[in-house]
Amino acid sequence: MFYGDALGYYTYLPATFIYQNLTSIEQLPADSTIHPSVREHANTLKVEGLHTPKGYIVDQYTYAVALMESPFFFAAHAWEKITGGRANGYSYSYTVAMKISAMTYTLLGLLLTFSILRRYFDEYTSVLTVALVLLGSNLFWFTLHQPGMSHPILFCLYTFLMYLTIKVHERPKKGLFIVAGFIAGLIIIMRPTDIVCLFIPLLYNVYDKPSWQGKLVFIRKNHIGILLAAIAGFIAFVPQLLYWKMISGSYIYYSYGTQSFHWLRPKIINGLFYFANGWLPYAPVMIFAIAGAMFYKMYRQWALVILVVSPVYAYLIYSWFCYNYINGLGSRPMLHLYGLYSIPIAAVIQYVFQRKIVYRIVFIVVCLFFISVNYSFSWLKAEGMLNSEEANGMFATHMLFRNHLTYNDLVINDIEEPQPDTTSIIKIATLGFLNYDRPLNDHYVRADDGITFGKYYYRMNDDDYPPEAIRIVYSKQQFGDARWLKCSGMFQVNAWESYRRHLLKFSIYRGTKKILERCVDVDNKIGLLGDTCAHASRPRLDHFEHGRWGAVSYFVKIPRDVHVGDSIKLEIWNLFHKEILVDNMRLELYK
């Protein structure tokens, strides 16, 4: 619970109401009852934080999630006080409270969605729609497995804004305007890219010229209510502005440092469709939302809202430098729109269930398949056998409905290239071999510790001193009818890091132009080659064995367009900048 984004959002609460240390939010007091992992993650706020002009570390996340979590925080805090427990803001009761928070806001969002759908569709369609949205999308993951993120809360707030928009247009009371404005303000301060939520009240019930004229009349008649809504929205910003003023000396402060938007290079296709945390692979039921565009006449009051919000929002969120939104399952920001997208999904359901029974049966089978896909990916990620932010289509579909990893699966996850059946290929030649038995500098270490595969091995330190690499030049005479190149070596790694790893890198260059590159993570494969389960009952993607030598190898298919004179290189990349021991690196030719 208390790590990453979730910790950044939540930490306002204990900092304000327990420790009174908002100006040193990254520092936890010397409390032995706080779990060491919480301290470790709190320290990352300092490592990754920004020093403001006043010299403080600023929490890059805004306060609004903490505001929504506060009732659950206070309940947990009261419980710890009453029972004489650990009222430190980070004990088990607070974790449970945050889990209940996520489930509560998802449930409220689903209930509000159901209420909205019942205005346009029958009860059966509305119930089935909200069930599909939960069970067939990554809302399931963020509700039940990864609490503390902003997304279930924003899903709820969006649906509440939709509900209030309907009510305001039916009975334009000033109180409704104020609440709607405050909710919109919370949404925007929580995640500024969600400023698109303003299109909901602006474009609702606009679908032709008379309705647009009616909207203008509505705005003129209710200008006082709209002004009150704007004031209420500003009030939602006030606590954040005061925090920034206290921390930085300025009411407006950009807390994300060098993290920014790439407005001219949005990754919309990647963000929507790719398996590296894309939207549709991990929210398959949303395919029905796209299909529902054909039935826009069923929900014409919302059609223009969806039509405008969808492309604008996609452009905004996928222009962010980290467009695949690490730390989660699938494209997290898209969850916020699931209340809107429930409407075209319901239109599809109602259309299908007005057709012949065969169409209904097919539809139900497809729905069950989408739910099972969502559950399978969720289970794989929970078990550490799928890291969606780094996944590729070949690996993800290969692992679907599986319950174990093999060594070849790990390779496919790295290079998205199937590995050959080793019983059906034949070795032709060894193109290059490095046993490092000719000591050239201090990085060569005598193997006097029982290692039997050479006199010396190579120690690559954190100074990233490059070891020797295998280099050859492609020739038809040497390669003949070969189809595969095998890259291999013996390695030992003594430290693990989630994102920066040691890589066994194969590349082909034509002059200075790179025409092929394949990089395999060395760290998580040591001890697994030739043994599916190794020393664990179920290997994970973060498999790691400290201080053990092990073989790592993989095959690369020789590209058809390789030319005579192309240079081929096999080397080690030390992205981690930590020690790695290397020996017996080989490049071999197979047919």
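Counting begins at 1 with the first residue of the sequence.
Residues Asn387 and Lys381 have side chains in contact (heavy-atom distance under 4.5 Å, counting atoms from C-beta outward). Taking 4.5 Å as the limit, every side-chain heavy atom of Leu410 sits out of range of all side-chain heavy atoms of His543.
Between Cys519 and Ile415 the shortest heavy-atom distance is O-CG2, 3.5 Å. The minimum heavy-atom distance linking Ala391 with Leu386 is given by the pair CB-CD1, 3.9 Å. Scanning all heavy atoms of the two residues, the minimum distance from Leu161 to Ile200 falls at CD2-CD1, 4.3 Å. Gly109 and Thr159 make their closest contact through CA-OG1, 3.5 Å (heavy atoms, listed as atom of the first residue, atom of the second, distance). Leu329 and Ser378 get closest at one heavy-atom pair: CD2-OG, 3.5 Å. Nearest heavy-atom pair, Leu340 versus Ile306, reported as atom, atom and distance to 0.1 Å: O-CD1, 3.7 Å.
The pair Asp5-Arg332 meets the salt-bridge criterion, with a side-chain N (NZ, NE, NH1 or NH2) lying under 4.0 Å from an Asp/Glu carboxylate O.
Between the CG atom in Asp566 and the OH atom in Tyr474 there is a gap of 8.5 Å [rounded to 0.5 Å]. Distance CD/Gln146 to CG/Asn327: 4.5 Å, rounded to 0.5 Å. To the nearest 0.5 Å, the span separating CD1 on Ile558 from CZ on Arg483 amounts to 9.5 Å. Distance CE/Met98 to CD/Glu69: 5.0 Å, rounded to 0.5 Å. The line from CZ of Arg402 to CG of Asp409 is 4.5 Å long, rounded to the nearest 0.5 Å. To the nearest 0.5 Å, atom CG of residue Leu570 and atom CG of residue Leu504 are 5.0 Å apart.
For Asn392 (side chain) and Asn413 (main-chain N/O), a donor-acceptor pair under 3.5 Å exists by modelled atom type. Side-chain atoms of Arg360 come within 3.5 Å of backbone atoms of Arg355 as a donor-acceptor pair (strictly under, hydrogens ignored). With hydrogens and angles disregarded, a donor-acceptor distance shorter than 3.5 Å links the side chain of Asn277 to the backbone of Gly330. A donor-acceptor contact shorter than 3.5 Å is absent between the side chain of Asn524 and the backbone of Asp542. Although no hydrogens or angles enter the test, the distance criterion places a donor-acceptor pair under 3.5 Å between the side chain of Ser376 and the main chain of Phe401. Not one N or O on the side chain of Tyr325 forms a donor-acceptor pair closer than 3.5 Å with the backbone of Trp320. Between the side chain of Thr397 and the main chain of Met394, a donor-acceptor pair closer than 3.5 Å is present. A donor-acceptor distance shorter than 3.5 angstrom exists from the side chain of Ser319 to the backbone of Tyr315, with no hydrogens or angles considered. A donor-acceptor contact shorter than 3.5 Å is absent between the side chain of Tyr299 and the backbone of Ala346. At distances below 3.5 Å, not a single donor-acceptor pair connects side-chain atoms of His404 with backbone N or O atoms of Met385.
Side-chain atoms of Tyr274 and Asn324 include no donor-acceptor pair closer than 3.5 Å. For the residue pair Glu383 and Asn403, no side-chain donor N or O sits within less than 3.5 Å of a side-chain acceptor on the partner. In the model, Asn408 has no side-chain atom that pairs as donor or acceptor with a side-chain atom of Thr406 under 3.5 Å. With no hydrogens or angles considered, a side-chain donor-acceptor pair links Ser331 and Tyr318 at under 3.5 Å.
Applying the 6.0 Å contact sphere to OH of Tyr92 captures no more than 12 heavy atoms from other residues, nucleotides or ligands. In Lys591, the NZ atom is not crowded: 12 or fewer heavy atoms of neighbouring residues, nucleotides or ligands sit closer than 6.0 Å. In Tyr590, the OH atom is crowded: over 12 heavy atoms of neighbouring residues, nucleotides or ligands sit closer than 6.0 Å. Counting non-hydrogen atoms of other residues, nucleotides and ligands closer than 6.0 Å to NZ of Lys505 gives a total above 12. The number of heavy-atom neighbours closer than 6.0 Å to OH of Tyr256, taken from other residues, nucleotides and ligands shown, is above 12. More than 12 heavy atoms of other residues, nucleotides or ligands lie within 6.0 Å of CD1 in Ile268, so this atom counts as buried by the packing criterion.
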Problem set entry | Intermediate values then yes/no, side chain to side chain contact (heavy atoms under 4.5 Å, CB included), Leu144 and Met103 | CA-CA 7 Å; Leu144 297 178; Met103 289 186 282; 3.9 Å; yes
Exercise. What do the steps show when you test Lys557 against Glu417 for side chain to side chain contact (heavy atoms under 4.5 Å, CB included), and what is the final call?
Worked result: CA-CA 8 Å; Lys557 183 172 285 188; Glu417 186 168 324; 3.3 Å; yes
Exercise. Can you list the steps and then say if Tyr375 with Leu135 is a side chain to side chain contact (heavy atoms under 4.5 Å, CB included)?
Worked result: CA-CA 8 Å; Tyr375 179 82; Leu135 300 177; over 6 Å; no
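Ring geometry for Tyr313 versus His336: interplanar angle of 30 to 60°, hence tilted. Using cut-offs of 30° and 60° on the angle between ring planes, the pair Phe275 and Phe377 is perpendicular. Using a 30° and 60° split on the angle between ring planes, Trp141 and His145 fall in the tilted class, from 30° to 60°.
Aromatic pair Trp279/Tyr341: centroids less than 6.0 angstrom apart. Aromatic pair Tyr296/Trp302: ring centres not closer than 6.0 Å. Between Phe288 and Phe363, the distance from one ring center to the other falls under 6.0 angstrom.
Listed by first then second residue, pairs satisfying side chain to side chain donor-acceptor pair (under 3.5 Å) with a partner in residues 124-138 read Asp122-Thr125, Asn138-Tyr338, not counting sequence neighbours.
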